Structure formats: C-alpha cells, structure tokens
Amino acid sequence: MEKRNELYAGKAKSIFATDDPDLLIMHFRDDTSAFDGQRVEQLARKGMVNNKFNAFIMGKLREAGVPVHFERLLSDDESLVKRLDMIPVECVVRNVAAGGLCRRLGIEEGRDLNPPTFELFLKNDALHDPMINESLADSLGYATIEQLATAKRLTFQVNDVLRQLFLDAGILLVDYKLEFGVHKGELLLGDEFSPDGCRLWDANTREKLDKDRFRQGLGGVIEAYEEVGRRIGVDFG
Ligand code: ATP
Ligand code: TYD
C-alpha cells in the first residue's frame, strides 16, 4: 500500500490518498481540540491511543454485523479505511443526560434516558454544529430519508453492542457521536469511535474517563483513555 498526498487535515486526523482510489489512510495526530476548534493542544500518545482504540471498536462492530469503513491498522497512528463520501451530519445517541442536552433543556447531568435518544447535528464548526432533523437534512440534500433511516438504525445497533461491551468493563456509555458515508452506494460507519467522541463514566464512581477531562481541565486525559482501553481489552503494545 503506497501512501500518497494529504487530502484533508481536520482538527485531530489527517486523510491521505493511496495508490488504490477506493482506500484512504487515516492518520491520528496528537492534536486535541474542544469548543469547535477554539482550543487545541497536543497530548502525547493520543494519536496512537485513539488509533488502536478505534481499531478495536471497529473490529467489534464489524463482528456484530455493522458495516464499517475500517480495513486494518497500518502503524501505531495510521489506519487504512474505505474512501467515503461523507454525510455532513453527526448522529448522537444518549443513554444518560450530559453536555449539550443538559445545557439545552436545563436537566441535571446523570439522569437516565429511557429509552435512549437519537439526535442529528450539522457538521459545521462555524455554526457550532447546530441541531437539525431528518426532514431538514433531506430537504437540504445532505442525505436521503432512506440513508438517514439506515444511519439511525445502525447508530442504535452500535449502542446495543457497545453499551454492553463497556458495562462488562464497569464503564457507562453515556453518549456518543457517529459519522456515516457512502462507498459504492453502501452506507458505512466512518470516521472513528474513541473517547474523543463519546462520554464514558466509571459505573461505580461516575468518574469521567473521556474528552470531558480535556474540556473541563481535569487532567489525566490520555491516562483515562488508556485505562478504558485496558479495561475493554485494547492492546496498546
Ligand atoms: P470533526 O472533529 O467535527 O469530525 P474534523 O474534520 O476536524 O471535524 P477530524 O477527525 O480531524 O475531524 O478529520 C477527519 C475527517 O475525515 C472528518 O471530516 C471526517 O468526516 C472525514 N472522514 C472520516 N472517515 C472518512 C472516510 N472513510 N472517507 C473520507 N473522509 C472521512
Ligand atoms: P453534546 O452533548 O451534544 O455536545 P457537547 O460535547 O458540546 O457537550 O455531544 C454528545 C456526544 O457526542 C458527546 O459524547 C460528544 C459527541 N459529539 C462529538 O464528539 N462531536 C460533535 O460534533 C457532536 C455534536 C457531538
């Protein structure tokens, strides 16, 4: 596999072309951003930790029948993925109230959401990722109603798999964000699943073990990511 030119540099990852037009290389950098990119810091080992964490989770999801873009690990901080035409919406499932939901509705953090909720946000940092819905995403041409229905079904399927996987390790999956894209007409789970894009609390102490440690200046960010990884069985080498 030959690595070619950089196609895109996001806030935390860079995407490279390869000699195969259907495949891309995702490079996980050590950059950590919050507040729509207003705060960016380098955290040592983060690229490696998120790359291996994501590879482990994508493997579990594929085993469970979720169609994923992930092909294989290439190095400590690079993975090979299928090239997607990304749908510019973020699919969020919440099992427990936290973050933006608490701010928006004035409800207390930690309240159980039963059944879990599903929300859509537009990927647009300049507008602070505003909430949208299926009808708007359809009317504005971001995705078809069928694609959105599939994305929603798959996002809940991911919840069934990962909620149990984390619970078995004594960790609550509070909420998470997924991104989807289209490859040769098929909707696949893209981007990453790591503690950067979800909330994970220790099930007993409710200690935060995710990116909220960075957002809230709690320290020990990568140590917490590694702790979660070790508990669920990620091999960081
Ligand atoms: P955000 O943090 O809001 O997702 P970003 O662009 O800064 O935005 P990064 O994770 O740094 O995020 O960059 C990765 C980019 O690559 C994202 O825009 C994501 O949508 C895109 N992407 C992820 N998987 C694929 C794929 N298989 N094919 C094409 N693009 C992808
Ligand atoms: P949410 O509570 O809506 O936003 P905030 O992180 O601003 O409090 O986010 C719900 C979950 O989805 C949380 O785990 C973070 C994740 N998420 C992202 O990682 N990126 C995003 O752009 C969005 C909208 C959510």
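Numbering of ligands and ligand atoms starts at 1, following listing order. Residue numbers count from 1 along this sequence. All of these numbers come straight from a predicted model, not from anything done at the bench.
- Using a 4.0 Å cut-off between heavy atoms, Asp129 makes no contact with ligand 1 at all.
- Using a 4.5 Å heavy-atom threshold, the side chains of Phe180 and Thr155 count as touching.
- In this structure, Lys52 NZ and Asp77 CG are separated by 9.5 Å, a value rounded to the nearest 0.5 Å.
- At least one donor-acceptor pair under 3.5 Å links the side chain of Asp30 to the backbone N or O of Gly47.
- In terms of protein heavy atoms, atom 1 (P) of ligand 1 is closest to Lys123 NZ, 3.2 Å.
- Nearest non-hydrogen protein atom to atom 6 (O) of ligand 1 is Tyr8 OH, 2.7 Å.
- By the criterion of a heavy-atom distance under 4.0 Å, the side chain of Leu24, and not its backbone, is placed next to ligand 1.
- Results of the side chain to side chain contact (heavy atoms under 4.5 Å, CB included) test with Arg4 over Ile25, Asp19, Thr18 single out Asp19 as the only residue that passes.
- Counting only heavy atoms of the protein, atom 31 (C) of ligand 1 lies nearest to Met86 SD, 3.5 Å.
- If you check which protein heavy atom lies closest to atom 10 (O) of ligand 1, you get Lys13 NZ, 2.5 Å.
- Relative to atom 20 (O) of ligand 1, the option among Arg83, Glu192, Glu179 with the closest non-hydrogen atom is Glu179.
- Considering Leu84, Ile15, Asp191 only, the shortest heavy-atom separation from atom 28 (N) of ligand 1 involves Leu84.
- Between Glu109 and Lys208, at least one side-chain nitrogen of the basic residue sits less than 4.0 Å from a carboxylate oxygen of the acidic one, meeting the salt-bridge criterion.
- The residues Asp196 and Lys46 are annotated as salt-bridged, a charged nitrogen and a carboxylate oxygen being separated by less than 4.0 angstrom.
- Remark: among candidates Met26, His27, Lys11, His69, the nearest residue to atom 27 (N) of ligand 1 is His69, based on non-hydrogen atoms.
- Looking at heavy atoms from C-beta onward, Val174 lies out of side-chain contact with Arg94 at the 4.5 angstrom threshold.
- Considering only heavy atoms from C-beta on, Ser79 stays 4.5 Å or farther from Glu71 through its side chain.
- Of the heavy atoms in Lys82, only backbone atoms (N, CA, C, O) come closer than 4.0 Å to ligand 1.
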Could you give the side-chain donor-acceptor pairs of residues 56-63 under 3.5 Å, partners two or more places apart or in another chain?
residue, atom, partner, partner atom, Å
Arg62, NH1, Phe70, O, 2.8

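- Side-chain atoms of Glu90 and Asp129, non-hydrogen and from C-beta on, do get closer than 4.5 Å to each other.
- Protein residues having at least one heavy atom under 4.0 Å from any atom of ligand 2 are Glu90, Val92, Arg94, Ala98, Gly99, Gly100, Arg103, Phe121, Asp129, Asp175, Tyr176, Lys177, Asp196, Gly197, Cys198, Arg199, Arg215, listed by chain and number.
- Those atoms of ligand 1 with a heavy atom of Val81 less than 4.0 angstrom away are 27 (N).
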